[in-house]
Every structure is written in C-alpha cells, then in structure tokens.
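Each residue takes its place number in the sequence, starting with 1.
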Amino acid sequence: MAAEQQTQPQQSDERTEEPELKYLEFVQFATIQALMRCAILYSYAKERAGPLKPGVDTVEEAVKTVVAPVYDRFHLVPVEILKYADRKVAEFDRHVPSNVKKVSSQARSVVSDVRRDGVSGFAKTVYSKYEPTAEQCAVSAWRRLNQLPIFPHVANAVLPKAAYCTEKYNEVVVSSAEKGYRVSNYLPLVPTEKIAKVFSEN
C-alpha cells in the first residue's frame, strides 16, 4: 500500500514535466473546446432520444468496445504530432525576419487582450485609441469632397434623410435596451451630436 502511494506522486510529477507548446497552444485549446462542445451536444441529443435511447446505448457500447483498444494505443499520437509541429515552427522561427516577429508578437498581444478584457472591452480600447485619427480622416475627406462641383448639392439632399435614419436607429437601440433585449448591448449608438460638432468646427 505504501508503494502505491509513492508511485502516484511520481506520475503527477511526470505530467507536469511535459513541455508546453510554445507556438501551437491555440490549436490544442481550440481542439479541447470543440471536443467539449461536441460532448455536450451529444449528451443533449442522447437525453432527448426518447424511444431510440436503448438503441443509442447499444450502439454506444458497441462503438466503445471496438474503439477503446485503438484509442488506448493511439490517443497520444495527435499530441506528439502537435509537439513535433511546434518544434518545427520553433526551428522556422529562427529564420523569420524581425519585422514579421514584431507583427506576430503584436497579434499575440491582441489575442491576450481579447482573452483578458473580452471582445467588447478590446473594441472599446481600440475605439478610444483610434477615434481621433478617424475623425481627422473623415473631416479631411469631407473637405475634399466638398470641393467637387456636384457633391454639396447631393450632400444637402442626402444628409437630412441620413440624420433622420440615424436618429431612428438610436431610438430603436435605446428602446430595445430599456425592454431588456440583450442584442442592444452590442449595438453602438451613432454619436450624431458629436459628428455635427466635429464637422461644424471644421
């Protein structure tokens, strides 16, 4: 009995010594997520099989009987292939120019920010960072378009209708948020006052 207790900690130490994937960890993560979702979907369908449930159980047991020995023998093969591919990516990484590595590290940074803050938090950060630049570009484009002979006439015809549509859109988003519709949390309001202020100043 004491010998069994001593071997168990050694096995857990061996598991922690396995090197983690450096480049392809996202593949392993995505695979685990997909398998978990498939398992949930399968259990949901199995629960609602109704009169077919005994047949489903019989087929499941037959598949387990056939697949279990194959799984026991080859279940580590995908992990080993992934580790091999990760080592090859590491070798390839030595030959990649520094500019590409910089872009790659920025992409990893973006992914970690999205994981940490969520998509909406990340979108707010990007929006606050690039909003002034977007405003300047829009004002510059507006000035250049106004230099065209026909554009001011078209703009005077289209702008009131566009303002009306954006006002109605904002009203619908606000009213759906008040009613408790979740989708309204993801819909942005059009800042009509701010747009008017920016364009009137310039």
Side-chain angles (χ1 to χ4, degrees), residues 1-127 129-130 176-177 180-188:
M1 180 120 172
E4 289 177 9
Q5 290 176 349
Q6 289 176 353
T7 58
Q8 288 177 349
Q10 290 174 353
Q11 290 174 350
S12 64
D13 290 341
E14 289 173 5
R15 289 180 186 158
T16 57
E17 289 176 9
E18 288 182 6
E20 291 187 16
L21 298 172
K22 185 175 179 182
Y23 298 98
L24 300 177
E25 184 179 17
F26 72 94
V27 174
Q28 190 174 23
F29 178 76
T31 304
I32 290 169
Q33 290 293 322
L35 289 174
M36 292 300 293
R37 292 219 161 64
C38 288
I40 290 168
L41 182 65
Y42 175 75
S43 65
Y44 178 80
K46 186 177 172 183
E47 287 175 11
R48 284 157 182 72
L52 301 174
K53 194 169 185 177
V56 171
D57 289 336
T58 305
V59 171
E60 183 179 8
E61 288 302 318
V63 169
K64 282 182 183 178
T65 305
V66 172
V67 173
V70 175
Y71 174 79
D72 289 340
R73 183 172 178 133
F74 295 109
H75 74 280
L76 291 177
V77 171
V79 176
E80 293 301 320
I81 290 172
L82 199 55
K83 286 180 184 178
Y84 175 77
D86 193 62
R87 286 192 302 271
K88 289 299 177 185
V89 170
E91 290 175 14
F92 177 73
D93 188 44
R94 294 184 207 138
H95 304 294
V96 175
S98 61
N99 292 344
V100 176
K101 287 182 183 180
K102 184 178 177 184
V103 170
S104 174
S105 66
Q106 288 173 346
R108 285 186 190 151
S109 162
V110 167
V111 169
S112 67
D113 289 348
V114 169
R115 280 186 181 170
R116 185 185 67 236
D117 300 334
V119 174
S120 61
F122 177 72
K124 288 176 185 175
T125 305
V126 170
Y127 176 76
K129 186 176 180 180
Y130 293 108
S176 64
Y181 295 119
R182 289 184 180 177
V183 74
S184 62
N185 295 333
Y186 300 103
L187 297 174

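V63 pairs by the side chain to side chain contact (heavy atoms under 4.5 Å, CB included) definition with V59, V67, not counting sequence neighbours. Taking E91 as the reference, K88, R94 meet the side chain to side chain contact (heavy atoms under 4.5 Å, CB included) condition, with sequence neighbours excluded. Residues passing the side chain to side chain contact (heavy atoms under 4.5 Å, CB included) test with E47, sequence neighbours excluded: none. L187 meets the side chain to side chain contact (heavy atoms under 4.5 Å, CB included) test with Y169, V173; sequence neighbours excluded.
Sorted by first and then second residue, the pairs that involve residues 35-75 and meet ring pair (Phe, Tyr, Trp, His ring centres under 6.0 Å), not counting sequence neighbours, are Y71-H75. The ring pair (Phe, Tyr, Trp, His ring centres under 6.0 Å) analysis of residues 98-118, with sequence neighbours excluded, yields no pairs. Legend: side-chain hydrogen bond (donor to acceptor under 3.5 Å, both in side chains) pairs involving residues 24-36, not counting sequence neighbours, sorted by first then second residue: Q33-R37.
Applying the 6.0 Å contact sphere to CZ of R182 captures no more than 12 heavy atoms from other residues, nucleotides or ligands.
Taking CD1 of I81 as the start and NZ of K83 as the end, the distance is 12.5 Å to the nearest 0.5 Å. With values rounded to the nearest 0.5 angstrom, L24 atom CG is found 11.5 Å from R87 atom CZ.
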Audit row: D57, K46, side-chain contact (heavy atoms from CB on, under 4.5 Å) steps and yes/no: CA-CA 9 Å; D57 289 336; K46 186 177 172 183; 3.0 Å; yes
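What you find for A177 and S184 is that their closest heavy atoms are CA-OG, 3.2 Å. The two atoms that bring P69 and T65 nearest to each other are CD-O, 3.3 Å, heavy atoms only.
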